[in-house]
Amino acid sequence: MQDKLYKRSTLMLGIILLINIGAIVWLFLNKDVWANNRTLVSVCFVIFMLASMLFYAYIDLNADRNYIRKAVRNGDVVMAKIKTGSFIRIARDARLKKHIYWKLDAILYDDDMNPHDITIIEKFAPSQTSIPTGHVYITYDKNNLNNSLIIPNVIISSIPEYQFLVETYEKEISPKYLNAYYRNGLVLQSYKDSIKEEKEFRKTMQQQ
């Protein structure tokens with residue numbers, strides 16, 4: 001899903017740049033039309049340019065989280081088992097922060113616990129250098145199972161309505177959970193590594 005969001009974001013940026021460049025060219029070639037209102041036109045153009053870039057930045061930075069929020073709100077959540085991951089590319093967002101795109105091979109378990117092989121394109125924090133094996137909750141699009149994003153654990157655990165879903169999966173599948181959370185981007189770890197990292201962090205803080 002992240003590859004689709006990335007392409008949409010790139011297309012949006014291209015359109016915005018073309019519109020702004022086109023506006024600059026038009027203003028340059030038609031100076032006589034706005035010469036008497038130079039200040040007003042200049043201010044309006046700058047406001048439009050800034051507003052369009054802010055709109056792009058909002059969409060680029062929040063598209064995936066908005067997609068997750070909508071799926072969780074609508075109950076479109078299932079469990080998946082991450083099997084393997086392969087590196088795709090490095091890209092930067094609207095704030096020029098670096099992210100790592102990985103292709104994940106996974107098994108999706110639908111509402112009836114039927115398994116489906118799927119491929120998830122996900123965007124991770126730069127610290128994600130490998131993909132662990134284990135279970136996570138993901139968004140669910142029954143019309144295209146590959147349109148999935150990993151849901152941070154804290155979201156599922158904080159919503160009482162999902163307790164029954166969690167208990168059902170744990171009874172039927174006995175999952176080995178991975179820790180999915182945001183820290184400068186999405187991070188996916190085994191709980192063993194998360195606990196080890198937390199201990200090392202606390203030790204470092206105590207030494208300071």
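The first residue in the sequence is number 1, and the count goes up from there.
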Practice task
Decide side-chain contact (heavy atoms from CB on, under 4.5 Å) for Asp64 and Lys123; before the verdict, give the C-alpha distance in whole Å, the side-chain angles of both, and the deciding distance to 0.1 Å.
Solution key: CA-CA 9 Å; Asp64 51 356; Lys123 179 177 70 175; 3.8 Å; yes
Practice task
Can you see which heavy atom on Ser127 is nearest to which on Val187, and at what distance?
Solution key: OG-CG2, 4.1 Å
Handout entry: Rounded distance [0.5 Å steps], CG in Asp76 versus OG in Ser148
Key = 10.0 Å
Fill in the blank from the handout: dist Ile24:CD1 -> Ile19:CD1 (nearest 0.5 Å) comes out at 12.5 Å
Handout entry: Donor-acceptor contact present, side-chain Asp141 to main-chain Asn143, <3.5 Å
Key = yes
Completion exercise
Minimal heavy-atom distance between Ser158 and Pro160, with the atoms involved, is O-CD, 3.5 Å
Practice task
Kindly say whether Thr119 contributes a backbone atom to a donor-acceptor pair with the side chain of Asn146 at under 3.5 angstrom?
Solution key: yes
Practice task
With sequence neighbours left out, write down each residue that passes ring pair (Phe, Tyr, Trp, His ring centres under 6.0 Å) with Tyr6, or none if nothing qualifies.
Solution key: Tyr101
Exercise for the section: Indicate yes or no: at least one non-hydrogen side-chain atom of Thr139 is less than 4.5 angstrom from one of Val77. Expected result: no
Problem - Side-chain H-bond candidate by donor/acceptor type, Tyr140 with Tyr109, under 3.5 Å - result: no
Exercise for the section: Could you pull out the closest heavy-atom pair between Val166 and Tyr137, with the gap in Å? Expected result: CA-OH, 3.4 Å
Problem - Close side-chain approach of Trp102 and Ile120, heavy atoms under 4.5 Å - result: no
Exercise for the section: Working to the nearest 0.5 Å, report the span between CD1 of Ile159 and CG of Leu165. Expected result: 11.0 Å
Exercise for the section: Following the transitive rule for hydrophobic clusters with a side-chain heavy-atom cut-off under 4.5 Å over Ile, Leu, Val, Met, Phe, Trp and Tyr, establish whether Phe28 and Ile21 coincide in one cluster. Expected result: yes
Handout entry: Note, Asn144 side chain near Lys4 side chain (heavy atom, < 4.5 Å)
Key = yes
Handout entry: Cluster check Ile150, Leu61: I/L/V/M/F/W/Y, side chain < 4.5 angstrom
Key = no
Could you list the donor-acceptor pairs under 3.5 angstrom formed by side chains in residues 35-59, with sequence neighbours left out?
residue	atom	partner	partner atom	Å
Ser42	OG	Arg38	O	2.7
Ser52	OG	Phe48	O	3.2
Ser52	OG	Met49	O	2.8

Problem - Distance-only donor-acceptor check, side chains Asn66 and Arg69, under 3.5 Å - result: yes
Exercise for the section: Say whether, by atom type as modelled, one donor and one acceptor occur between the side chain of Tyr169 and the main chain of Ser174 under 3.5 angstrom. Expected result: no
Handout entry: Any side-chain heavy-atom pair of Arg73 and Lys70 under 4.5 Å
Key = yes
Exercise for the section: Might you work through the side chain to side chain donor-acceptor pair (under 3.5 Å) test for Asn153 and Tyr191, ending with a clear yes or no? Expected result: CA-CA 12 Å; Asn153 297 26; Tyr191 273 96; 2.8 Å; yes
Handout entry: Contact check, side chains of Val78 and Ile138, non-hydrogen atoms, under 4.5 Å
Key = yes
Handout entry: Check: Phe124 and Ile131 side chains under 4.5 Å, non-hydrogen atoms
Key = yes
Kindly list each side-chain donor-acceptor pair under 3.5 angstrom involving residues 80-94, sequence neighbours excluded, with atom names and distances?
residue	atom	partner	partner atom	Å
Thr84	OG1	Asp105	OD2	3.2
Arg92	NH1	Leu96	O	2.9
Asp93	OD1	Arg95	N	2.8
Asp93	OD1	Leu96	N	3.1
Asp93	OD1	Lys97	N	2.9
Asp93	OD2	His99	NE2	3.0

Fill in the blank from the handout: When every non-hydrogen atom of Tyr67 is compared with those of Leu149, the smallest separation belongs to CD2-CD1, 3.6 Å
Completion exercise
Leu188 and Ala180 have their tightest heavy-atom pair at CD1-CB, 3.8 Å
Exercise for the section: May I ask you to test the Leu5-Gln2 pair for a side-chain heavy-atom distance under 4.5 Å? Expected result: yes
Practice task
State the OG1-CG distance between Thr133 and Leu178, to the nearest 0.5 angstrom.
Solution key: 7.5 Å
Exercise for the section: Using a 4.5 Å cut-off on heavy atoms from C-beta on, say whether the side chain of Gln189 contacts that of Tyr181. Expected result: yes
Handout entry: Met1/Ile121 under side-chain contact (heavy atoms from CB on, under 4.5 Å): CA gap, chis, key distance, verdict
Key = CA-CA 6 Å; Met1 185 63 186; Ile121 305 299; over 6 Å; no
Problem - Closest approach of Ile68 to Pro152 (non-hydrogen atoms, all atoms of both residues) - result: CD1-CD, 4.5 Å
Practice task
Answer yes if the side chains of Tyr177 and Glu170 hold a donor-acceptor pair under 3.5 Å, and no otherwise.
Solution key: yes
Handout entry: Test item: Asn62 side-chain N/O and Arg65 main-chain N/O as donor-acceptor pair under 3.5 Å
Key = no
